[in-house]
Amino acid sequence: MSSSDRTCCGVVEEARIRAHNRRAQKPQPWIVLKFAVGLTLALIAYTSYVYVTFCRDMIVKNENALASPTMGIVFLVVFSFFLFIVLWSYFAVVTTPPGYPAHFLEKTVLEQPVHPLPQQPTTSDETRGISFELMTPAADLPSSHSIPMTPPAVPEPTKQDKVSQSTFYYQGSSTPGEAHIINVPADPESAHVPDPAPPLSHENVHDPSPDASSQIFARRPSTTPILVSEYRFCNKDKIIKPPRTHHCRACGTCVLKYDHHCPWVGHCVGAYNHKFFVNFVQWASILSFWMFATVLGLTIKSQSGSSAPAINPQHIVLLALTALFGLFCCLMFLTQVQLIMLNQTTVESLGFRTMQEREQDNLARMHHWYDCGAKKRTKQAWDKEWGRIGKEGNLWWLGSRRANWESVMGKNVWWWFLPVGHGLEDGMNFPTNPRFDKQGRWRRRREWPSDLR
Ligand SMILES: [Zn+2]
Ligand SMILES: [Zn+2]
């Protein structure tokens, strides 16, 4: 490629990145962001209308009544109770922002390097763990294993600093256009270069001797120093992101402890409204199930007699809507409970899933497909060496399901079920797993504090 081609491509590429960043900085229009909130309210209003009519028919004993007035009253009272808590939780999650660090953190200047920086030395993607970018953006770690998040008074690095005092790695990010600069201190003690993996060759891949294959396919978590604050610079908001913060492109800003962007609540689910979101899907599942079961039960019962009344088409629509909505909320609720107990956000869990899939691929290469025992033994050996992916290997894991749960849902049992109270986290500071080093890299079991080994 000639130098003029390179310049031309460079200009085009730069313009493309600039256009992308401009788009990414802009949130979606208000009407697009809130559209699904209106849709959800309309859905709740319509299903409630049909259900109240269904109960009223029984209470006034008209020709459409499917059961006795007493049953109509009981159904209506239970329904009203569930509907009240659903609307209360929905109000809480819609009116509580997830927490936007750009609103209270000072902007810093930490521009992308103009000249391309040396690539981070990487080993084969096949054998490496996941990039920690996907898993856990985090902060500097003091010895107490909790991260103080002062407003980031990061000194603006001079050009000379960049070149002489540190080795900068320039790394793409999980969010396109969101670049990260990783500053690895020049101090040889703390600088950590990823262990080079032996090269893969076809001979030792397909007919691996136990020693060779275990060397090639060892578990290799990412060696990126993710607790170094420069790593968490957001190019769009120009802030050093607090740990676990991610930039949401729909909202056009960084979100504290980003879980996911939820169109149904009109913004992100993050640090301050995660609990209310869980409360909402919990009660929405229960309400949907109640409406579905009572209407279906009485419709089937009414059809069994000799003089069966015609089925109300609105009841069919109600059954379809509550089944769909209920199933969606129920799956969401179960997933959230599982993730909260592991202290993983949705976006972090994707990183662990990738790591697990990669490990399955490696096991499939090391052993014959039918040799499940050998695969299991290898995996146990890795778990013995490192601990489990997503638990001991999760920077935010607090050691027990209960502790993880309380960090989001709070200590008071009532708070687990009602949209009141708050979790134990403030969205800015998170206790870290002592199985990780000061820069946020997963260590082998032999390097853990002695009481944890
Ligand atoms: Zn941002
Ligand atoms: Zn969002």
Side-chain angles (χ1 to χ4, degrees), residues 17-40 90 92-112 131-139 149 151-152 154 170-182 226 228-278 280-281 332 335-336 339 345-350 408 427-428 430:
I17 290 170
R18 278 213 192 113
H20 176 92
N21 284 349
R22 258 201 311 278
R23 276 199 307 277
Q25 251 164 332
K26 265 196 187 165
Q28 284 178 350
W30 185 87
I31 189 76
V32 176
L33 272 177
K34 307 298 176 191
F35 175 74
V37 176
L39 202 68
T40 310
Y90 194 60
V93 69
V94 168
T95 56
T96 312
Y100 301 116
H103 290 184
F104 52 86
L105 290 184
E106 279 171 39
K107 290 191 178 188
T108 44
V109 184
L110 191 69
E111 291 297 340
Q112 280 186 51
S131 156
F132 264 94
E133 160 57 22
L134 268 174
M135 284 171 61
T136 42
M149 189 62 207
V154 175
Y170 180 63
Q171 170 164 313
S173 119
S174 59
T175 320
E178 192 175 359
H180 290 277
I181 298 161
I182 306 158
I226 51 155
V228 175
S229 59
E230 283 85 342
Y231 179 79
R232 303 188 320 269
F233 182 67
C234 175
N235 242 344
K236 295 155 210 151
D237 292 333
K238 309 284 181 216
I239 55 163
I240 303 279
K241 297 186 282 186
R244 310 184 84 176
T245 292
H246 281 272
H247 189 91
C248 172
R249 283 208 279 163
C251 298
T253 186
C254 279
V255 172
L256 290 178
K257 202 190 174 198
Y258 174 86
D259 191 87
H260 66 283
H261 180 85
C262 181
W264 302 103
V265 303
H267 48 219
C268 282
V269 174
Y272 302 150
N273 61 4
H274 194 176
K275 179 195 174 299
F276 301 146
F277 178 75
V278 175
F280 170 64
V281 287
M332 195 59 153
T335 313
Q336 284 293 333
L339 290 181
T345 60
T346 301
V347 73
E348 287 160 6
S349 74
L350 299 178
V408 175
M428 301 285 280
F430 297 92

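Just so you know, ligand 1 is whichever comes first in the structure, and atom 1 is the first atom listed for that ligand. What you see is a predicted model; the values in this text were computed from it and never measured.
Put simply, the angle at the Zn ion (ligand 1) from SG in C234 to ND1 in H247 is close to 110°, to the nearest 10°. Between C251 atom SG and C268 atom SG, the angle centred on the Zn ion (ligand 2) amounts to 110° (nearest 10°).
With 2.8 Å as the limit, C248 counts as an N, O or S neighbour of the Zn ion (ligand 2).
The N, O or S atom of D237 lying closest to the Zn ion (ligand 1) is OD2. Of all N, O or S atoms in H261, the one lying closest to the Zn ion (ligand 2) is ND1.
One side chain, T346 or D259, offers a donor N or O that lies under 3.5 Å from an acceptor on the other.
A pairwise comparison of heavy atoms in A102 and I239 identifies N-CD1, 4.1 Å as the closest pair. Considering all non-hydrogen atoms of both residues, G270 and P98 come closest at N-CB, 3.5 Å. Contact detail for T245 and C254: the closest heavy-atom pair is CG2-CB, 3.7 Å.
In this structure, H260 and F277 have perpendicular ring planes: the angle between them is above 60°, well past the 30° mark.
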